[in-house]
Amino acid sequence: MKLTLILLAAGNSRRFDGNKLLTPFHGKPMYQYIVEEVEKLPDGLFDDKIVVTQYQEIMEDLEKRGYVVVENVQSSLGISHSIHLALEAAASPGGEEASYCFAVCDQPYLKAATIEGLIEGWKNSKRGIGCLCNMGEFGNPAIFSEAYRNELLALEGDVGGKRVLRRHIDDLYLHEVDDGLELVDIDVRPL
C-alpha cells in the first residue's frame, strides 16, 4: 500500500498574530517539530512526502530534506485549497492502494511513536480512514484511502478532512493517544 505524507503548512495564522510556523517555540521554529519527528520514523514508512506552504523558508528547508514542495499562493482560500494542491501533486491515483496521511505543522508535542502507532493500527484495521483521538476528540494526523480522494477534492473554504471523516464514522479507525497534549495545536501566541 502506497502512503504519502502531506504536511499542511500554508495557514495565515490569523489568531496567532504573526507567522506561527516560523515563530520560535522553545528554541526552534514551530514547523520543525513535526519535521524532526517524521525523520525519526522508519525508512519506507512513507513512499512520498509533500509539503504545501506559502513560506519560502519552509520550502527551502523541506526541499533539502527530500519533500516535494507545493507552493500555495492562495492560502486565503482556506485549508481545502492546500488539500487540493497536495492531492494534485501526489502521484496519480493508484486505485484503492493509494493513501494520504495529512499532518499539520503546529502540533509541537506530537511524537514519532504516536504517528507510527496510528499508521500501524490503521493498516491492521482495514478501515478507509484513521486519525488520532483523545477522550473522544478527533485530532491530526488523519489518514484517508484513495476511496475518499474525490470527497477531499470537493471540500471548499476553510474546511478540512474532518468533515469527510465525520461522514464515514463506520469506516474510521481511531488511535487513542494517552497524552492529550500531543494533539494540541498552537493557535495563539504563548504569553
Side-chain angles (χ1 to χ4, degrees), residues 1-16 20-21 31 34 38 45-55 58-59 62 67-107 110 115 118-119 121-134 136-175 177 183-187:
M1 173 185 308
K2 180 175 176 139
L3 182 59
T4 299
L5 172 66
I6 297 169
L7 293 185
L8 300 173
N12 290 326
S13 309
R14 285 182 203 94
R15 290 175 287 176
F16 191 82
K20 70 178 168 181
L21 299 180
Y31 83 93
I34 182 95
V38 166
L45 190 63
F46 296 112
D47 297 280
D48 295 306
K49 294 184 279 189
I50 296 171
V51 61
V52 181
T53 187
Q54 63 174 316
Y55 304 112
I58 295 174
M59 286 183 225
L62 294 191
Y67 283 72
V68 172
V69 174
V70 178
E71 185 175 11
N72 183 345
V73 296
Q74 295 181 295
S75 61
S76 62
L77 296 177
I79 195 167
S80 66
H81 185 61
S82 289
I83 292 169
H84 299 167
L85 291 172
L87 291 173
E88 289 165 12
S92 59
E96 295 301 312
E97 296 301 311
S99 300
Y100 312 96
C101 179
F102 290 90
V104 294
C105 294
D106 60 355
Q107 281 180 245
L110 183 64
I115 299 168
L118 166 65
I119 293 167
W122 172 74
K123 285 181 178 179
N124 291 334
S125 77
K126 309 292 187 211
R127 303 269 175 118
I129 305 172
C131 78
L132 295 180
C133 72
N134 179 256
E137 292 293 320
F138 299 150
N140 289 305
I143 306 171
F144 295 88
S145 69
E146 182 68 28
Y148 295 101
R149 182 184 179 103
N150 289 338
E151 280 190 66
L152 291 166
L153 287 169
L155 294 171
E156 296 179 349
D158 206 21
V159 175
K162 284 189 181 140
R163 177 165 291 174
V164 175
L165 184 151
R166 286 189 174 100
R167 284 188 207 135
H168 302 282
I169 297 292
D170 58 326
D171 197 24
L172 173 62
Y173 165 73
L174 292 173
H175 188 79
V177 178
L183 301 187
V184 170
D185 58 355
I186 307 299
D187 282 333

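All of these numbers come straight from a predicted model, not from anything done at the bench.
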Whether Asn134 side chain and Val177 backbone form a donor-acceptor pair below 3.5 Å: yes

Heavy-atom donor-acceptor pair, His175 side chain to Leu132 backbone, under 3.5 Å: no

Any side-chain heavy-atom pair of Asp106 and Leu21 under 4.5 Å: yes

Derivation of the side chain to side chain contact (heavy atoms under 4.5 Å, CB included) call for Val51 and Val68: CA-CA 6 Å; Val51 61; Val68 172; over 6 Å; no

Neighbour count >12 (heavy atoms, 6.0 Å) for atom CZ, Arg167: yes

CG-OH distance between Leu152 and Tyr100, expressed to the nearest 0.5 angstrom: 9.0 Å

Euclidean distance, Glu88 CD relative to Ile83 CD1, rounded to 0.5 Å: 12.0 Å

Between His168 and Glu151: side-chain donor-acceptor atoms closer than 3.5 Å: yes

Sole residue of Ile58, Val70, Leu8 in side chain to side chain contact (heavy atoms under 4.5 Å, CB included) with Thr53: Ile58

Side chain to side chain contact (heavy atoms under 4.5 Å, CB included) evaluation trace for Leu87 with Phe102: CA-CA 10 Å; Leu87 291 173; Phe102 290 90; 4.1 Å; yes

Note: Asp170-Arg127 ion pair, threshold 4.0 Å (strictly below): no

Reported CG-to-NZ distance for the pair Leu118 and Lys123, which is rounded to 0.5 angstrom: 10.5 Å

Side-chain donor/acceptor of Ser80 to backbone N/O of Gly157, under 3.5 Å: yes

Between CG on residue Leu165 and CG on residue Leu174, distance to nearest 0.5 Å: 7.5 Å

Considering all heavy atoms, the nearest Tyr148-Asp171 contact: OH-OD2, 2.6 Å

For Ser75 against Gln54, the heavy-atom pair lying closest together: OG-NE2, 3.2 Å

Heavy-atom pair of closest approach, residues Leu7 and Cys105: CB-SG, 4.0 Å

Donor-acceptor under 3.5 Å (Asn72 side chain, Val52 main chain): no

Inter-residue atom distance Asp158.CG - Leu77.CG, 0.5 Å rounding: 10.0 Å

Verdict with supporting geometry, Val38 and Leu5, side chain to side chain contact (heavy atoms under 4.5 Å, CB included): CA-CA 9 Å; Val38 166; Leu5 172 66; 3.8 Å; yes

Trp122 vs Ser99, side chain to side chain contact (heavy atoms under 4.5 Å, CB included): CA-CA, chis, key distance, verdict: CA-CA 11 Å; Trp122 172 74; Ser99 300; 3.2 Å; yes

Heavy-atom check, side chain of Glu146 versus side chain of Glu97, under 4.5 Å: no

Minimum-distance pair of heavy atoms, taken over all atoms of Lys2 and Asp48: NZ-OD2, 2.9 Å

Within 45° cone and under 6.0 Å: Lys162 NZ/CZ vs Phe138 ring: no

Rounded distance [0.5 Å steps], OH in Tyr55 versus CG in Leu62: 14.0 Å

Any donor-acceptor N/O pair, Arg163 side chain to Leu155 backbone, under 3.5 Å: no

Heavy-atom donor-acceptor pair, Thr4 side chain to Lys49 backbone, under 3.5 Å: no

Nearest atoms (heavy-atom pairs only) where Ile119 meets Phe46: CD1-CZ, 3.6 Å

Minimum-distance pair of heavy atoms, taken over all atoms of Ile6 and Ala86: CG2-CB, 3.4 Å

